[in-house]
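Presented below is the structure to which this report refers.
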2 protein chains.
Amino acid sequence: MQTNGLSNDLERIAHKTMADIVEIRLRDFLKKKAFKPGDALPKEIELAESLGVSRNVVREALSRLRMLGMIETKRKRGMVLASPDIMGSFERVLDPMFINENTLRDIFELRLTLEMGLADLLYLRMKKEDVDELEEIAKNQKITAGQHSFRIKNEIAFHGKLYTMTGNDTLQRFQNMLLPIFGYLVSLEKVPIIGKVSHLDLVNILRKGGKEDFRQGMFLHLEHHFKKLK
Amino acid sequence: MQTNGLSNDLERIAHKTMADIVEIRLRDFLKKKAFKPGDALPKEIELAESLGVSRNVVREALSRLRMLGMIETKRKRGMVLASPDIMGSFERVLDPMFINENTLRDIFELRLTLEMGLADLLYLRMKKEDVDELEEIAKNQKITAGQHSFRIKNEIAFHGKLYTMTGNDTLQRFQNMLLPIFGYLVSLEKVPIIGKVSHLDLVNILRKGGKEDFRQGMFLHLEHHFKKLK
DNA sequence: TTTTCTATTTTGTAGTACATTTAAACAAAA
DNA sequence: TTTTGTTTAAATGTACTACAAAATAGAAAA
């Protein structure tokens with residue numbers, strides 16, 4: 001059906017269900033009315049009547065918004081607008097299982113990009129204790145260089161700690177989300193590749209070097225990944 | 001209720017509705033059975049019976065997965081697993097209106113981090129035409145330096161083009177999502193601040209300089225933003 | 001005034017019924 | 001044989017009713 005040359009140009013007509021429409025309408029409604037977190041929303045029946053649909057449909061739409069954390073509902077009290085958990089919605093779909101190959105690659109690059117950009121926040125906010133802790137993690141790796149699964153865990157611990165040190169909660173959660181993907185891709189490597197700059201080297205740079213040194217070091221650390229990109 | 005000292009330690013008991021549970025169960029089900037995109041799923045009634053809940057509940061859960069693009073449903077044929085549109089789910093919640101102040105700041109930093117990390121992908125993939133086009137955008141700015149709203153548009157065009165040039169679709173869409181937030185924060189600036197390195201300077205660096213130069217230039221371009229961070 | 005109980009209200013769940021769409025099977029025509 | 005048109009059946013989409021469960025607000029009691 002999609003493979004005949006003719007219909008290539010014709011875009012598939014998107015059939016929207018009532019739930020889809022109601023979802024959009026509700027979103028607009030929340031925006032237009034400039035609801036603030038904590039504000040009470042009309043109850044389900046009222047919404048259903050206003051929109052001229054069944055309560056069923058309204059509930060499906062509300063269920064979506066609830067999943068995204070945009071609203072919270074309590075029996076009797078009704079619904080209130082909430083601050084959605086940005087990352088939460090992301091985490092739901094971010095599973096290597098569900099993501100196609102291209103996007104997987106894209107996300108991997110996104111991660112590399114982030115790591116290369118970490119320096120500024122790091123040098124702004126890192127504390128001595130953090131670096132000490134980071135060093136512990138790095139040393140830990142040397143000892144247990146044997147097992148493969150442990151190597152990945154340690155890899156994750158080290159880079160995760162870096163994100164934590166930025167003091168940016170969202171960034172940290174973002175990285176956390178990308179972990180399964182990272183882990184998945186690393187697990188595809190048959191032979192573990194060690195960069196020219198090790199974790200311990202990076203720690204030393206953080207102690208004694210400047211931002212530029214760190215960027216350079218991080219690049220060398222990740223170089224074998226970058227080399228695979230086309 | 002939350003403010004009395006006693007209950008501080010007690011974590012709020014998360015009341016899960018059936019729809020929440022079914023959503024999780026379905027997710028696990030999809031994973032466990034290792035469904036591939038295109039595979040057919042059991043029909044609603046069967047799911048309802050298997051899980052021992054009403055079709056209503058199942059539909060709420062399915063509605064969520066459908067919104068995220070994890071499944072697609074066709075009448076008669078049933079449901080099939082699909083590749084979720086990662087960014088799509090993000091876009092839904094990413095509206096400055098709904099996001100709290102802290103997260104807003106976090107995301108802004110996330111963006112800065114990305115921009116600082118762009119260099120590697122840029123130097124790997126940029127083409128001469130891209131740089132030419134970028135130059136046009138940069139020049140455009142000089143001419144129309146007057147209007148405020150135009151300045152923002154141009155700013156967005158320039159940085160947007162940079163992301164496009166990375167050849168990473170996901171990254172580009174990600175940036176696109178962050179635009180409203182970026183715009184919102186920039187609009188808070190009373191006096192437009194010009195960095196030490198202009199857009200045109202960056203273009204020149206792309207033409208003649210190396211990655212390090214670009215990073216340095218980008219930092220100076222964004223410096224006034226970095227200076228505001230704590 | 002503070003606590004406890006009660007009544008009411010709203011969400012959560014279940015179940016039935018029917019409309020709508022469309023894949024699939026079949027029949028007819030070229 | 002291939003294409004085109006028609007029918008049928010099956011699954012989703014929507015509506016409606018009914019009731020359970022929870023939690024607030026208000027009444028009653030201490």
Side-chain angles (χ1 to χ4, degrees), chain A residues 1-7 10 12-26 30 35 38-82, chain B residues 1-4 6-7 10 12-26 29-30 35 38-82:
Chain A
M1 202 225 248
Q2 290 121 307
T3 45
N4 58 350
L6 250 172
S7 62
L10 280 72
R12 180 182 170 68
I13 147 168
H15 181 67
K16 284 204 176 93
T17 67
M18 295 305 271
D20 294 328
I21 296 169
V22 170
E23 186 204 329
I24 295 170
R25 290 286 298 273
L26 285 179
L30 297 179
F35 278 101
D39 286 359
L41 271 58
K43 48 197 173 203
E44 294 180 354
I45 301 180
E46 285 174 11
L47 290 173
E49 279 172 6
S50 303
L51 295 165
V53 294
S54 76
R55 198 180 144 217
N56 231 331
V57 169
V58 171
R59 276 190 64 82
E60 279 194 26
L62 288 174
S63 182
R64 298 177 179 183
L65 301 187
R66 201 159 34 233
M67 175 188 65
L68 298 178
M70 290 181 65
I71 60 173
E72 280 171 8
T73 60
K74 301 229 168 118
R75 284 177 213 252
K76 166 90 178 180
R77 215 178 95 204
M79 292 166 289
V80 296
L81 190 67
Chain B
M1 201 226 252
Q2 289 120 308
T3 46
N4 59 349
L6 249 173
S7 62
L10 281 71
R12 180 181 171 69
I13 147 168
H15 180 66
K16 284 205 177 96
T17 66
M18 294 306 271
D20 293 329
I21 296 169
V22 170
E23 187 203 329
I24 295 170
R25 290 287 297 273
L26 284 178
F29 177 70
L30 297 180
F35 277 101
D39 286 0
L41 272 58
K43 48 198 171 201
E44 294 180 353
I45 301 179
E46 285 173 9
L47 290 173
E49 278 172 6
S50 302
L51 294 165
V53 294
S54 76
R55 196 179 145 217
N56 235 331
V57 169
V58 171
R59 277 189 64 83
E60 280 194 25
L62 288 175
S63 182
R64 298 177 180 184
L65 301 187
R66 201 159 33 232
M67 176 187 66
L68 298 178
M70 290 180 65
I71 60 173
E72 280 171 9
T73 60
K74 299 230 169 118
R75 286 178 211 251
K76 166 93 175 180
R77 213 179 95 204
M79 292 166 291
V80 295
L81 191 66

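Lettering follows sequence order; numbering is per chain, from 1.
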In whole angstroms, how far is the [atom2] atom of [N] from the [atom1] atom of [X]?
X	N	atom1	atom2	value
B:L47	D:dA11	CG	P	12 Å
A:K16	D:dG13	NZ	C1'	17 Å
A:L65	C:dT11	CG	P	14 Å
A:I21	D:dT14	CD1	C1'	12 Å
A:D20	D:dT12	CG	P	16 Å
A:E44	D:dA15	CD	P	15 Å
B:K43	C:dA23	NZ	P	16 Å
A:E72	D:dA22	CD	C1'	16 Å

_Among residues at least two apart in sequence or on other chains, which ones pass side-chain hydrogen bond (donor to acceptor under 3.5 Å, both in side chains) with A:N56?_
none
_Closest approach of B:E44 to B:V58 (non-hydrogen atoms, all atoms of both residues)_ = O-CG1, 4.2 Å
*Give me the one residue out of B:V53, B:L30, B:L51 that meets side chain to side chain contact (heavy atoms under 4.5 Å, CB included) with B:R25.*
B:L51
_How long is the straight-line distance from CG of A:L65 back to CG of A:L26, given to the nearest 0.5 Å?_
6.0 Å
*Interatomic distance, B:M67 atom CE to A:R64 atom CZ [nearest 0.5 angstrom]*: 6.5 Å
_So, does A:R59 get its side chain near the phosphate of C:dG12, meaning an N or O under 4.0 Å from OP1 or OP2?_
yes
*Looking at A:T73, does any N or O in its side chain come under 4.0 Å of the phosphate oxygens OP1/OP2 on C:dG12?*
yes
*Start with the C-alpha distance between B:I24 and B:I21, add both sets of side-chain angles, then the distance that settles side-chain contact (heavy atoms from CB on, under 4.5 Å), and finish with yes or no.*
CA-CA 5 Å; B:I24 295 170; B:I21 296 169; 5.8 Å; no
*First of A:G52 and B:I45 reached from the 5' end of DNA chain D, by closest nucleotide*: B:I45
Between the protein and nucleotides 16-18 of chain D, which nitrogen or oxygen pairs come in under 3.5 angstrom?
from: D:dC16; atom 1: N4; to: A:N56; atom 2: ND2; distance (Å): 3.0

*asked:* Using the salt bridge (Lys or Arg N to Asp or Glu O under 4.0 Å) criterion, which residues pair with A:E46? Sequence neighbours excluded.
replied: A:K43
